[in-house]
Protein chains: 2
Amino acid sequence: MKAIISVMLKNGVLDPQGEAVKSALGSLGFDGVNGARQGKLIELNLADGTDPADVTEMCKKLLVNEVIESYTVDIH
Amino acid sequence: MKAIISVMLKNGVLDPQGEAVKSALGSLGFDGVNGARQGKLIELNLADGTDPADVTEMCKKLLVNEVIESYTVDIH
């Protein structure tokens with residue numbers, strides 16, 4: 001089974017990578033980019049039967065800094 | 001409108017970040033993590049009416065290195 005974890009900085013948290021993307025797209029002539037934010041995408045290849053609660057635990061313990069980041073988990 | 005761009009390293013391309021995640025999860029006692037890969041998630045806030053072809057162009061010109069990365073675009 002696979003777990004896809006999407007991690008984004010919370011709204012209001014400064015995102016220099018996103019700002020750099022926005023400004024670079026503007027320099028390349030792409031108008032209409034009002035904002036850009038960049039996050040992480042983690043794809044875990046898990047043994048069958050892994051408890052989904054374990055994935056949440058992995059996020060809380062290692063993969064996500066819940067103070068500044070929000071995340072979603074998609075297991076299939 | 002929003003565009004969510006998911007960028008992952010192609011299969012076969014060495015992914016040190018993913019390897020680090022896998023090994024760290026193992027050290028924390030999470031068994032059954034057979035593999036981990038880490039990619040980027042870019043969220044663009046676009047002016048209404050932006051041509052979806054423009055988003056593909058942004059990916060090709062700036063956001064994605066198509067030699068080693070694959071990507072998907074989700075516009076809504």
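Reckoned from all heavy atoms, side chains included, excluding hydrogens, waters and symmetry mates.
Rounding to the nearest 0.5 Å places CZ of B/Phe30 at 10.5 Å from CG of A/Asp51. Put simply, CD on B/Glu43 and CG on A/Asp15 are 10.0 Å apart, with the number rounded to the nearest 0.5 Å. To the nearest 0.5 Å, atoms CZ (A/Arg37) and CD1 (B/Ile4) are separated by 12.0 Å. The structure places CG of B/Leu46 at 11.5 Å from CG of A/Asp31, a figure rounded to the nearest 0.5 Å.
For B/Glu57, the parts lying under 4.5 angstrom from a heavy atom of chain A are both the backbone and the side chain. For B/Leu63, the part sitting under 4.5 Å from any heavy atom of chain A is the side chain, from C-beta outward, and nothing else.
Contact count against chain A (heavy-atom pairs under 4.5 Å) is highest for B/Lys40 among B/Lys40, B/Lys2, B/Lys22. When the candidates A/Ile42, A/Thr50, A/Asn34 are compared by the number of heavy-atom contacts under 4.5 Å with chain B, A/Asn34 comes out ahead. With respect to chain B, the highest number of heavy-atom pairs below 4.5 Å among A/Ala36, A/Gly32, A/Ala24 belongs to A/Gly32. Residue with the most contacts toward chain A among B/Gly35, B/Gly18, B/Ser6: B/Gly35 (heavy-atom pairs, distance under 4.5 Å).
Across every non-hydrogen atom of A/Lys61 and B/Leu28, the tightest pair is CB-CD1, 4.4 Å. Contact between A/Leu62 and B/Val21 at its shortest, heavy atoms only, is CD2-O, 4.2 Å.
B/Met8 is listed as a side-chain neighbour of A/Leu41, based on a closest heavy-atom distance under 4.5 Å.
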